[in-house]
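Start at 1 and go down the list; that is how both ligands and their atoms are numbered.
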Amino acid sequence: MKKLERFLGGIKTLAVLCLQYGDTGKGKFVDLFAKWAHIIVRGNGADNAGHTICYKGKKLITHIIPSGIMYDNVGKTNIVGSGCAVYPKTFKGELLGLDAIGCSYNNLRIAHNAKLILPDHIVMDRIKELNNSGVKIGTTGKGVGPVFADHTARTGLIMNDLLNKDIFVKKLRHHLIDKVRILKTYDTEALKKVMSHEHLENGIYFDAKNIFNEDVIIQKYLDYGQDFNLMIRDTDEFIRSQAGKTEILLEGAQGLLLSVDEGASPHVTSSNCSLSGLSKGAGLLDSSQVDKCLGIIKGFYTTRVGEGPFPTEFGASESDKWCNGVGSRKQELELYPLASVNDVNQFLRGVAYRREGDEYGATTGRPRRTGRLDLPLLRYSLQFFNPAYLTLILTKLDCLNDCEVIEICDQYKYVGPDFRVGEKILRAGDYLNKAIMIREVLEYCQPIYSLHEGWLCSLKGISKYENLPKQIRIILNYLVAQTKVDLGILSIGADRNANVFI
Ligand code: IMP
């Protein structure tokens with residue numbers, strides 16, 4: 001704890017966010033710093049995120065409730081901020097989950113202006129992904145794209161609407177007119193199937209004639225409104241009033257490379273996962289109110305869930321196809337029990353990385369695509385931060401204990417057709433040090449790797465930098481030299497205390 005206190009000296013507002021494609025183990029650090037903070041606030045995303053929380057030895061996977069909830073009994077406030085979208089069924093399910101493990105949530109708040117996920121958002125998200133005519137994104141199917149699209153199009157609803165029956169009914173009916181018109185162009189049986197899903201309350205919202213049974217939606221959502229009645233507050237105002245006075249932890253969701261503004265569209269999520277998106281969505285005026293930002297990456301590898309270019313992927317398209325289509329954790333174990341992180345077969349090497357890192361989605365259970373650490377992408381991410389306020393955390397280093405060689409992508413060689421990027425023309429054979437976040441460019445980027453000796457030993461029990469294997473220190477020095485980033489913490493195990501502060 002002393003090291004932690006030193007690390008946090010003088011800080012009032014701390015942000016934790018991922019610099020890759022999410023799933024970098026933010027939860028562990030949010031958990032660690034939640035102990036320090038008085039207010040823990042999520043500022044972006046929805047129930048597309050997922051993290052496991054432990055409360056008195058019991059585990060619970062949450063998707064929207066901030067991880068600090070397990071400290072509720074010591075008077076902390078947990079907030080789902082205005083930059084988030086909330087699906088009431090998920091939220092209620094998580095409250096019931098907390099009840100089941102005996103964790104109280106008296107101080108849980110939802111921003112009154114958080115976006116409200118309605119059944120049509122989920123239907124639209126899922127039916128679009130099923131329909132082969134569009135670009136497949138591999139969404140989590142939680143309605144995230146449609147709810148944020150409606151927010152921007154000014155046709156969405158907010159959590160506060162649940163507290164005003166007449167307004168809710170009027171807005172919902174109006175909202176559904178266009179949705180029904182569009183959904184009527186789809187096959188009714190396909191719609192019925194999508195809507196029969198448990199996530200859509202097993203078909204209760206379906207109506208064969210009108211697509212949606214509005215009365216059922218109204219009843220159900222107003223009931224949810226009653227359940228959350230005391231939690232829905234003007235949290236933006238609260239956060240603004242507390243900024244600089246009390247310890248606030250901003251909990252990012254997803255990762256910068258999935259951010260709607262910073263990522264390579266269309267393979268992104270629909271909220272802004274950057275520091276500025278997180279700050280604004282948490283209720284701060286802007287990111288200048290954040291004293292320190294902890295940017296998280298995986299120690300020397302990368303994962304990605306869903307579709308989209310991934311230049312350093314082990315096993316390239318074979319892995320992509322497997323993870324986005326047929327693969328599952330169980331199948332992998334049965335088919336590839338002997339896959340090794342040193343396998344010459346790149347696909348199998350990726351399987352082994354997945355297994356070592358337990359890289360299976362907390363939200364969807366999908367196998368995550370695995371690849372090497374990608375410095376062009378990291379350099380891209382780093383430019384969105386003031387280096388004076390950014391500290392890097394590397395997680396999961398212990399997952400690579402058996403790797404004989406660590407490959408790091410230093411730069412890309414562009415191998416595609418001539419491509420205009422603003423005033424420049426990218427030509428085959430050009431080298432890129434920093435990624436260009438345009439899908440059509442990334443698809444033609446060939447990684448150039450440097451090879452680094454692995455450490456081939458356990459990291460268990462190490463708490464000091466100087467006690468780390470020299471091979472790790474060499475790679476870390478290389479990383480700093482290549483990116484000029486400040487290193488803060490290395491995570492060398494799932495345990496809350498398995499960290500090396502630098
Ligand atoms: P959506 O956010 O469900 O619309 O999905 C858009 C893309 O972001 C898909 O590729 C998802 O797999 C990815 N995505 C969304 N949330 C997460 C997350 O928490 N971790 C990793 N990937 C995510």
Quick one: which ligand 1 atoms are inside 4.0 Å of a heavy atom on D23? 20 (N), 21 (C)
For ligand 1, note which part of R368 has a heavy atom under 4.0 Å away: side chain, backbone, both or neither. neither
Polar contact flag for G22 and ligand 1 (N/O pairs, less than 3.5 Å): no
If hydrogens are left out, which of D47, L258, V147, V305 has an atom nearest to atom 23 (C) of ligand 1, that is, the closest non-hydrogen atom? L258
Measure T140 to ligand 1 on non-hydrogen atoms and call it side chain, backbone, both or neither using the 4.0 Å cut-off. both
All heavy atoms of C445 vs all of P311, minimum pair found to be O-CB, 3.7 Å
Could you check L98, I40, L95, L60 and say which one makes a side-chain contact (heavy atoms from CB on, under 4.5 Å) with I69? L98
Looking only at distance, does E307 have an N or O less than 3.5 Å from an N or O of ligand 1? no
Ligand 1 atoms in contact with A49 (distance to a heavy atom under 4.0 Å): 19 (O)
Can you name the closest pair of heavy atoms from Q346 and G315 and give their distance? CB-N, 3.4 Å
Enumerate the atoms of ligand 1 whose separation from the nearest heavy atom of Y21 is less than 4.0 angstrom. 21 (C), 22 (N)
Among N48, T139, T24, closest by heavy atom to atom 4 (O) of ligand 1 is T139
Assess the pair F347 and Y336: is the distance between their ring centroids shorter than 6.0 Å? yes
Distance-only N or O hit between ligand 1 and Q254, under 3.5 Å: yes
Is N107 close to K76 at the side-chain level, that is, under 4.5 Å between some pair of heavy atoms? no
Could you see which bit of V268 sits under 4.0 Å from ligand 1, with heavy atoms only: side chain, backbone, both or neither? backbone
For ligand 1, which atoms sit closer than 4.0 Å to a heavy atom of G306? 10 (O), 12 (O)
Is the positively charged end of R329 above the ring of Y360, judged by distance under 6.0 angstrom from the centroid and angle within 45° of the axis? yes
Can you find a heavy atom in the side chain of N499 that is under 4.5 Å from one in the side chain of K28? yes
Would a line drawn from the ring center of H151 to the ring center of H121 be shorter than 6.0 Å? no
Can you tell if the side chain of H267 reaches within under 4.5 Å of the side chain of R439, non-hydrogen atoms only? yes
So P88 and F228, do their side chains get closer than 4.5 Å, heavy atoms only? yes
Go through ligand 1 atom by atom and flag the ones less than 4.0 Å from a non-hydrogen atom of G138. 9 (C), 10 (O), 11 (C), 12 (O)
Under 3.5 Å between some N or O of ligand 1 and some N or O of D125? no
Atoms in ligand 1 with a heavy atom of T269 nearer than 4.0 Å: 1 (P), 2 (O), 6 (C)
